[in-house]
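Below you'll find the structure, written out as C-alpha cells, and then a few comments.
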Amino acid sequence: MRMSQRMDNLAPYLFVEINKKIAAKKALGEEVINFSIGDPDIPTPENVINKLCQTAHDPVNHRYPETFGLPEFRRAIADWYMKRFSVSLDPDSQVLPLLGSKEGIAHMALCFVDPGDIVLVPDPGYPVYTGGTTLAGGKIHYMPLLQKNRFLPDLNAIPEEVLEKTKLMWINYPNNPTGAIAEIDFFNRVVDFAKKYDILVCHDGPYSEIAFDDYKPVSFLQAEGAKDIGVEFHSLSKSYNMTGWRVGMVVGNAKAIQALNIIKSNLDSGIPQAIQYAAIEALNGCQDAIEKHNAIYQRRRDLVIDVLNDIGVEAKSPKAGLYIWAKVPEGYTSIEFTNDLLDNIGVVVTPGTGYGTNGEGYIRLSLTIQDANLVKGLSRLSGWKNSKDRFKAKIRK
Ligand SMILES: *Cc1c(COP(=O)(O)O)cnc(C)c1O
C-alpha cells in the first residue's frame, strides 16, 4: 500500500498516545486516576434524553436528514444566541448545524485554504485547528499564548509577510487548555485586525456556558462587525453534557457558512433527526442544569487548586472552562512531570506540550472527573511529594 503524503504530516491525535500509556498501566493491574480528558462525567439532562427516545419512534426520523439541518433546529440555535448573547442571526443563512463542532472546525480549512496559504493557530491550542489546516495543505503560523499576555495572542507580533498570505485565524475563549478568558475589547481588536488584512476569524467557543463566580463569558459575535469577517463554532457537548451525541453548530458570516455547507454536503448527510430534536429541547428547554453543573465544577476546581498549591504546583483558579493549567515544578519538563505523576502515584494529566511548544512548563487537569475518583486523585496528589522522596530514597539505596 502506498499512502498519501498527507498522512506523514498528520500527527496521531494526542489522546491516542495517552490512552496507550493508561492501557499499559491497567494491564499491569494498577488503578489509574485520569485527569486528562475533557469529557463531562455528569449525564445529559433528563428532558433531552426523553426527547430523543420519543422522537426516535417516529419513522420520519429514520430517513436521511439534510446537511443543513432541520429548520426548527436552526431556528432554535438563532433563538438561543439571541437569548444568551443578544446576537441576532438569520437561521437560514447564518446558522449551520454540525456533527459535533470538531468536524466543522477541521473542515473549515477546506473552504478557505489552498496549499501554501497561512492559517494563524494559537499555541498552545486545540489540536484540531492544526489537523484541519494540514489536511487542506495549508501552512501554520503559531500565535504564542503567554501568561504575560493573559494567554491572548499578541496580534502586533505577527509579521506583515505572514499576514499577506493569511486566510484564516483560530481563536478560542474561554480557552482550552489555558483556562483564559477574553473580553469584548479583545474581540473588537480582532475584528479590526481581521478586516485590515482580510482574514476570516474562526472563534471556537464551546466553553461559553461553563463559568464560575458569577462570570458570564461573551460571544465573539457580540463584537462590532464580527459577522462581516467571522464565524463562531459552538457545541452542545460541554454545555449540556452531550459529547457522545455529536451535535454542535457554526454561526455568523453567511458566505463562510454557505461554503462549509457545500463542503459538508459532499461529505456527510447531516445529524440524525432525533438528535436534532433532542438538541432543540436542550437549547429551548429548562436551563437549570447549567447552573447546577457549574456549581459542581466550581467545587472541584477549588479542591484541585488547593491541593496543587499545597504541593508547590502553581495554578491560577480559572473563571471558566473545564481545565486547570498548572505550572510544573522547577527541574521538570511537562513530559517528565506527567510521567512522574503516572509512575509514582498513578495519576494521569495531560502534558502541556501536547497542545503546542508553548505548553512546555505546564500540565492540564480536567474537572470532568467523577467525585469518587476526584477524591482519590487528590489524595494521591497530596502525597506526591512524599511518594517522590520515597521513590528517590529507593533509587539511592
Ligand atoms: C471540546 C472542544 C470542542 C468540541 O467538541 P465537539 O464535541 O466536537 O463539539 C471544540 N473546541 C474545543 C477547544 C474543545 O475543547
Side-chain angles (χ1 to χ4, degrees), residues 13-15 18 35-42 44 48 69 73 77 80 95-109 119-133 142-143 145 151-153 168-182 201-211 217 219-220 230-252 260 264 267-268 270-272 275-276 278-279 282-283 293 297 318 320-325 350 352 354-356 359 364-369:
Y13 199 63
L14 172 66
F15 296 114
I18 291 173
F35 282 92
S36 77
I37 292 188
D39 185 354
D41 57 296
I42 309 164
T44 306
V48 179
F73 184 30
I77 292 169
W80 184 83
V95 173
L96 179 64
L98 300 170
L99 286 147
S101 59
K102 182 178 177 183
E103 64 92 356
I105 291 167
H107 289 141
M108 201 60 183
V119 175
L120 304 177
V121 171
D123 169 13
Y126 183 58
V128 184
Y129 314 138
T130 299
T133 305
Y142 285 107
M143 302 182 289
L145 304 187
F151 300 108
L152 300 171
L168 197 155
M169 111 186 252
W170 286 101
I171 47 173
N172 159 229
Y173 295 94
N175 185 256
N176 175 12
T178 68
I181 53 172
V201 180
C202 293
H203 179 247
D204 182 21
Y207 297 101
S208 73
E209 303 317 292
I210 306 194
S219 161
F220 170 69
V231 292
E232 183 160 85
F233 287 81
H234 214 294
S235 175
L236 280 76
S237 287
K238 316 291 166 46
S239 315
Y240 300 100
N241 305 332
M242 291 172 70
T243 50
W245 301 52
R246 310 314 301 136
V247 56
M249 62 273 210
V250 58
V251 299
L260 188 57
K264 273 172 59 64
L267 293 173
D268 70 60
I271 304 163
I275 290 185
Q276 295 189 54
L283 295 173
H293 300 154
Y297 293 134
L322 290 174
Y323 310 107
I324 289 176
W325 190 236
T350 320
Y355 301 94
R364 193 196 77 169
L365 291 92
S366 168
L367 300 174
T368 58
I369 174 168

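When a ligand or atom number is given, it counts from 1 through the structure's own listing order. As a basis for the values below, the full set of heavy atoms in this structure was taken, side chains included, without hydrogen atoms, waters or symmetry mates. Each residue takes its place number in the sequence, starting with 1.
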Report yes or no: does [X] have a heavy atom closer than 4.0 Å to ligand 1?
X	answer
Tyr129	yes
Gly38	no
Ser235	yes
Arg246	yes
Tyr207	yes

Inset, instruction - State whether the side chain of Glu232 and the backbone N or O of Gly252 hold a donor-acceptor pair below 3.5 Å, judged by distance alone. - result: no
Legend entry - Heavy atom of the protein closest to atom 4 (C) of ligand 1 (residue, atom name, distance): Ser101 OG, 3.0 Å
Inset, instruction - Provide, to 0.1 Å, the distance between atom 1 (C) of ligand 1 and the closest protein heavy atom, together with that atom's residue and name. - result: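 Minimum-distance protein heavy atom for atom 1 (C) of ligand 1 reads Lys238 NZ, 1.3 Å.
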Does any non-hydrogen side-chain atom of [Y] lie less than 4.5 Å from one of [X]?
X	Y	value
Tyr355	Asp123	no
Tyr142	Val121	yes
Val251	His234	no
Pro124	Leu145	yes

Legend entry - Glu103, portion touching ligand 1 at heavy-atom distance under 4.0 Å: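 Within the 4.0 Å criterion, Glu103 makes no contact with ligand 1.
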Contact atoms of ligand 1, heavy-atom distance to [X] under 4.0 Å:
X	result
Pro206	2 (C), 3 (C), 10 (C), 11 (N), 12 (C), 14 (C)
Ser237	6 (P), 7 (O), 9 (O)
Gly100	8 (O), 9 (O)

Legend entry - Short side-chain donor-acceptor distance under 3.5 Å, Thr368 and Asp39: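 Note: Asp39 and Thr368 side chains miss the donor-acceptor criterion.
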Inset, instruction - Report the distance from atom NE2 of His107 to atom NZ of Lys264, rounding to the nearest 0.5 Å. - result: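 Reported value, rounded in 0.5 Å steps: 7.5 Å.
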Legend entry - Best match, Val247, Asp39, Leu99, Asp204: closest heavy atom to atom 11 (N) of ligand 1: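 Of the listed residues, Asp204 has the closest heavy atom.
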Inset, instruction - Please work out whether the ring planes of Phe233 and Trp170 are parallel, tilted or perpendicular, with thresholds of 30° and 60°. - result: tilted
